[in-house]
Amino acid sequence: MKTEAAKGLDHIAIAVKDLEAAIRTYRDVLGLELAEVEEVAEQQVKVAIFGHGLGRVELISPTVADSGVARFIEKRGEGLHHICIEVEDIEGTMAGLKANGAPLLDEVPKAGAGGAKVAFVHPKGACGVLIELRQGPKST
């Protein structure tokens, strides 16, 4: 079964311990444009988004000590957390992936940054990379 069409790479996410320090590096040292900072309560993270449209960089920092991102940083250190693919139909894409044997971390989409619906594909089903599927309002 073919999965629904993907629009392209929405963003790459980098897990960081200190969001403010990381913002200074990406904004002041690397010269990237900080577009917005948002807390995503359901994901227990605060995000800083650099750039506009597809291909953005997103820094993610845990807001609680026992969140998934906090555990990731504790186990692996700061660094690449996931890549995000923008899809037309998240439910259809999830169904197609599941039908093809890809292990999903989410059974139903949940709230993500910017009012999007998101779901994650386990790294075992994507060549060792955590994949976020995103459907939602246009990325600014």
Quick one: closest heavy-atom pair of [X] and [Y], and the distance?
| X | Y | answer |
| --- | --- | --- |
| L19 | S61 | CB-CB, 3.8 Å |
| E38 | G114 | OE1-N, 3.1 Å |
| V69 | P62 | CG1-CD, 3.8 Å |
| A65 | A70 | O-CB, 3.3 Å |
| A111 | E42 | CB-OE1, 3.3 Å |
| H52 | A35 | CE1-CB, 3.7 Å |

side-chain contact (heavy atoms from CB on, under 4.5 Å) filter on Q43, not counting sequence neighbours, yields V40, V45, K110, V118, F120
What is the ring orientation for Y26 with F50, classed by angle as parallel under 30°, tilted 30 to 60°, or perpendicular over 60°? tilted
Determine, using the 4.5 Å side-chain heavy-atom cutoff (strictly less than), whether [X] and [Y] are members of one ILVMFWY cluster.
| X | Y | value |
| --- | --- | --- |
| V29 | I49 | no |
| V121 | L105 | no |
| V64 | V37 | no |

Report the distance from atom [atom1] of [X] to atom [atom2] of [Y], rounding to the nearest 0.5 Å.
| X | Y | atom1 | atom2 | answer |
| --- | --- | --- | --- | --- |
| I60 | H81 | CD1 | NE2 | 4.5 Å |
| D18 | L59 | CG | CG | 11.0 Å |
| C84 | I131 | SG | CD1 | 9.0 Å |
| M94 | D89 | CE | CG | 10.5 Å |
| H122 | L130 | NE2 | CG | 8.5 Å |
| L34 | E36 | CG | CD | 8.5 Å |

Should E78 and I14 be marked as a side chain to side chain contact (heavy atoms under 4.5 Å, CB included) after you check the CA-CA gap, both sets of side-chain angles, and the distance that decides it? CA-CA 7 Å; E78 295 178 299; I14 301 166; 5.9 Å; no
Note: E39-K46 ion pair, threshold 4.0 Å (strictly below):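 Between K46 and E39 there is no salt bridge, as every charged N stays at least 4.0 Å from the carboxylate O atoms.
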Check this for me: does any side-chain nitrogen of one of K98 and E107 sit under 4.0 Å from a carboxylate oxygen of the other? yes
Using side chain to side chain contact (heavy atoms under 4.5 Å, CB included), reason through T93 and I85 one step at a time and then give a plain yes or no. CA-CA 11 Å; T93 301; I85 306 297; over 6 Å; no
Just do the side chain to side chain contact (heavy atoms under 4.5 Å, CB included) check on H82 and E58 with the steps written out, would you? CA-CA 10 Å; H82 68 268; E58 178 180 275; 4.2 Å; yes
Quick check against the 3.5 Å criterion: does Q135 have a side-chain atom that pairs as donor or acceptor with the backbone of I90?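 A pair under 3.5 Å: yes.
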Take a 6.0 Å sphere around CD of E74 and say whether it holds more than 12 heavy atoms from other residues, nucleotides or ligands.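 Not more than 12 within 6.0 Å, no.
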Between R56 and D10, is a salt bridge (Lys or Arg N to Asp or Glu O under 4.0 Å) present by the stated rule, with each step listed? CA-CA 6 Å; R56 295 168 294 129; D10 185 80; 2.3 Å; yes
